[in-house]
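The structure under discussion appears below in the form of structure tokens.
Heads up: numbering here begins at 1 and tracks the sequence.
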Amino acid sequence: MPGSAPVINNVTLEDGAHLGPNTLLDDHAGITIGKDTRLGPNSIILTRTHPINATIPRRIRGQDIDLPVIVGRGCWIGAHVVILPGVRIGEGCVVGAGSVVTKSTEPNGLYVGNPAKRIKDLETDEPKPTA
């Protein structure tokens with residue numbers, strides 16, 4: 001279909017999306033990388049998890065849960081970032097190198113750490129409201 005993003009093994013890369021060297025995409029569930037988003041080298045996106053409160057036999061047999069990940073438009077994901085299953089990175093976010101993103105993020109923020117936390121609001125191209 002003209003103008004649509006390519007989908008390969010549950011991974012959608014929108015226009016201008018870039019994956020750094022050694023990026024690992026665990027594509028058991030869908031992964032969408034937004035337009036003009038860049039992932040740094042050695043980044044990891046995981047989509048498979050399991051219940052941790054299950055009994056030992058259930059944990060051993062693998063009661064896998066597949067949760068999609070979406071990285072919004074215009075994001076910059078630093079080197080060695082890990083994004084866990086079910087996370088949605090809001091558009092315009094920057095995630096600092098080595099961070100572990102365990103929960104979805106709000107748009108236009110700088111997130112760093114393990115677990116990643118918002119430490120700064122980022123400028124947008126949108127006009128500021130006038131009072």
Inset, instruction - Kindly indicate, with the supporting measurements, whether the criterion side-chain contact (heavy atoms from CB on, under 4.5 Å) is fulfilled by D26 and I44. - result: CA-CA 8 Å; D26 166 39; I44 300 171; over 6 Å; no
Side-chain contact test, heavy atoms from C-beta onward, threshold under 4.5 Å: evaluate it for [X] versus [Y] and give yes or no.
| X | Y | result |
| --- | --- | --- |
| P85 | L46 | yes |
| T49 | L67 | yes |
| C93 | Y111 | yes |

Inset, instruction - Show your working on side-chain contact (heavy atoms from CB on, under 4.5 Å) between T12 and I33 and close with a plain yes or no. - result: CA-CA 6 Å; T12 301; I33 309 296; over 6 Å; no
Inset, instruction - Please name all residues satisfying side chain to side chain contact (heavy atoms under 4.5 Å, CB included) with P115, sequence neighbours left out, ordered by chain then number. - result: T102, K117
Legend entry - Counterpart residues, side chain to side chain contact (heavy atoms under 4.5 Å, CB included), relative to I70 (two or more places apart): T32, R88
Inset, instruction - Please report the shortest heavy-atom distance between C75 and G92, naming the atom on each side. - result: SG-N, 3.7 Å
Legend entry - Distance-minimising heavy-atom pair for S99 and G113: OG-N, 3.0 Å
Inset, instruction - Determine, for K35 against E14, whether the closest basic-nitrogen to carboxylate-oxygen distance falls under 4.0 angstrom. - result: no
Legend entry - Atom pair OG1 (T23) and CD1 (I45), whose distance is rounded to the nearest 0.5 Å: 8.0 Å
Inset, instruction - Applying side chain to side chain contact (heavy atoms under 4.5 Å, CB included) between V95 and each of V82, V112, T105, I77, report the one that passes. - result: I77
Inset, instruction - With sequence neighbours left out, write down each residue that passes salt bridge (charged side-chain N to carboxylate O under 4.0 Å, His left out) with R48, or none if nothing qualifies. - result: D64, D66
Legend entry - R38 CZ: over 12 foreign heavy atoms closer than 6.0 Å: no
